[in-house]
Number of protein chains: 2
Amino acid sequence: MELTNKQITVIFKALCDENRVQIFRLLQNGEKCACKLLEAMQCTQPTLSHHMKILCDSGLVNGRKEGKWMYYSISAEGTEAAVNVLRELTKVSESGECCCT
Amino acid sequence: MELTNKQITVIFKALCDENRVQIFRLLQNGEKCACKLLEAMQCTQPTLSHHMKILCDSGLVNGRKEGKWMYYSISAEGTEAAVNVLRELTKVSESGECCCT
DNA sequence: CATACATATCGAAAATTGTCAATATGGTTT
DNA sequence: AAACCATATTGACAATTTTCGATATGTATG
């Protein structure tokens, strides 16, 4: 599965914002509903909703709807995939000599 | 070594931009000087310089000056640290039950 | 030392992203 | 169905980021 550069940026955009990093911290001890996250965050409900969309799009977070509540949790598959992408992208395949003499 | 949320965002900002992802691809087969990177990229010299600064600040890339040339390479320590941060931040410490009944 | 070259910095414009108030949507309860 | 609640979406504005031309800095070379 080859990801485009664009797709890779989508993954790591999840971690480019302080608020979203904080959301990860909140999700570390298990699934939480949006209302609990909102309580803990210093932002409005629409802003939280926006961040959760970015997190879900990145694949690092899963969303699950139950009645009128929305539950979010860290995705094991997503995070493993992200680690692999990071590894792959920063792997040095010792070969090329460079450059300007 | 505890990183703040802000410091974490600095690391992953490196991978939030398509051009910078492309730069990682170029650095995968070893150290390259700025002029070679510039040849391969579709941007001007000041723009490349800006991206290289962000990459170096993230710790994922090392810069080395030699005469009037600047050589860049992927940092083994930096990338390992980034993987650890990603792992740590997305680790679920099974405990909390949630939430709204 | 004057010129040429590689890269960095500055300042401004364009593009993207984060934020919120207002409102819509979809589910639940009386 | 009407009122209510949780979350999503919209539209506008603020903040940040990307980009580039112009210029500065530092190094090598004639």
Side-chain angles (χ1 to χ4, degrees), chain A residues 4-27 31-58 60-73 98-101, chain B residues 4-27 31-58 60-73 98-101:
Chain A
T4 64
N5 291 354
K6 183 98 172 184
Q7 290 173 314
I8 290 173
T9 66
V10 171
I11 295 174
F12 294 104
K13 276 204 173 85
L15 299 157
C16 276
D17 179 272
E18 283 191 65
N19 298 297
R20 293 195 291 266
V21 171
Q22 191 182 348
I23 292 169
F24 272 102
R25 300 221 137 108
L26 294 169
L27 292 179
E31 187 180 65
K32 282 208 170 42
C33 66
C35 56
K36 277 281 177 188
L37 293 173
L38 184 58
E39 268 179 28
M41 300 292 298
Q42 280 70 48
C43 70
T44 62
Q45 182 271 321
T47 298
L48 177 66
S49 187
H50 171 244
H51 286 308
M52 297 320 294
K53 177 157 173 44
I54 290 172
L55 289 173
C56 289
D57 287 350
S58 78
L60 293 176
V61 169
N62 281 328
R64 176 173 71 84
K65 192 173 188 175
E66 189 173 320
K68 59 183 171 180
W69 292 290
M70 194 70 198
Y71 290 87
Y72 293 103
S73 58
C98 185
C99 172
C100 323
T101 317
Chain B
T4 64
N5 291 354
K6 183 101 174 182
Q7 290 173 314
I8 290 173
T9 65
V10 171
I11 296 174
F12 294 103
K13 276 204 173 82
L15 299 156
C16 277
D17 180 272
E18 282 191 67
N19 296 297
R20 293 195 290 267
V21 171
Q22 190 182 349
I23 292 169
F24 272 101
R25 298 223 139 108
L26 293 169
L27 292 179
E31 187 180 63
K32 284 207 167 46
C33 65
C35 58
K36 276 282 176 187
L37 293 174
L38 185 57
E39 268 179 27
M41 301 291 299
Q42 281 70 48
C43 69
T44 62
Q45 182 272 320
T47 298
L48 177 66
S49 188
H50 171 245
H51 286 307
M52 296 322 291
K53 177 156 174 41
I54 290 173
L55 288 174
C56 290
D57 287 351
S58 79
L60 293 176
V61 168
N62 281 327
R64 177 174 70 85
K65 193 172 188 175
E66 189 173 320
K68 59 183 172 180
W69 292 290
M70 194 70 198
Y71 290 87
Y72 293 103
S73 58
C98 184
C99 173
C100 324
T101 317

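Every chain is numbered from 1, with letters handed out A, B, ... down the list of sequences.
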What one should report as the nearest heavy-atom pair of A:Ala40 and A:Gln22 is O-NE2, 3.7 Å
Is it true that A:Asn5 and B:Arg20 share a donor-acceptor pair across their side chains at a distance under 3.5 Å? no
Rounded to whole Å, the CG-C1' distance (B:Asn19 to C:dT16) equals 14 Å
- Query: Does D:dT19 have OP1 or OP2 sitting under 4.0 Å from an N or O in the side chain of B:His51?
  - Reply: yes
Side-chain contact check for B:Lys68: nearest option of D:dG21, D:dT17, D:dT27 is D:dT27
Please state whether the phosphate of C:dT19, meaning OP1 or OP2, lies under 4.0 angstrom from any side-chain nitrogen or oxygen of A:Thr47. no
Testing D:dC20, D:dT18, C:dT7 for proximity to the side chain of B:Trp69, the answer is C:dT7
note: B:Ile23, atom CD1; C:dT7, atom P; distance rounded to Å ~ 13 Å
**OP:** Classify the side chain of B:Gln45 and the base of C:dA6 as holding, or not holding, a donor-acceptor pair under 3.5 Å.
**Re:** no
note: B:Glu18, atom CD; D:dT17, atom P; distance rounded to Å ~ 18 Å
From CZ of A:Arg64 across to P of D:dA8 the rounded distance in Å is 14 Å
Side-chain atoms of A:Lys65 come closest, of C:dG26, D:dT19, D:dC20, to C:dG26
Distance col, row A:Ile8:CD1 vs A:Lys6:NZ, nearest 0.5 angstrom, shows 13.0 Å
Side-chain atoms of A:Ala34 come closest, of D:dT7, C:dA6, D:dG21, to D:dT7
Exam field: side chain A:Lys32 to backbone A:Leu26, donor-acceptor pair closer than 3.5 Å: yes
When rounded to whole Å, the NE2 to C1' distance for the pair B:His50 and D:dC20 reads 12 Å
Report which part of the nucleic acid B:Ile54 touches: base, sugar-phosphate, or nothing (heavy-atom distance under 4.0 Å, all strands). sugar-phosphate
On DNA chain C, more 5' by nearest nucleotide between B:Lys53 and A:Cys16 is B:Lys53
Of the candidates C:dA8, C:dT17, C:dG26, the side chain of B:Met70 sits closest to C:dA8
**Q.** Flag, side chain of B:Ser49 to backbone of B:Pro46, donor-acceptor distance under 3.5 Å
**A.** no
Of D:dG26, D:dT7, D:dT18, the nucleotide closest to the side chain of B:Asp17 is D:dT18
The nucleotide from D:dT9, D:dT17, C:dA8 with an atom nearest the side chain of A:Pro46 is D:dT9
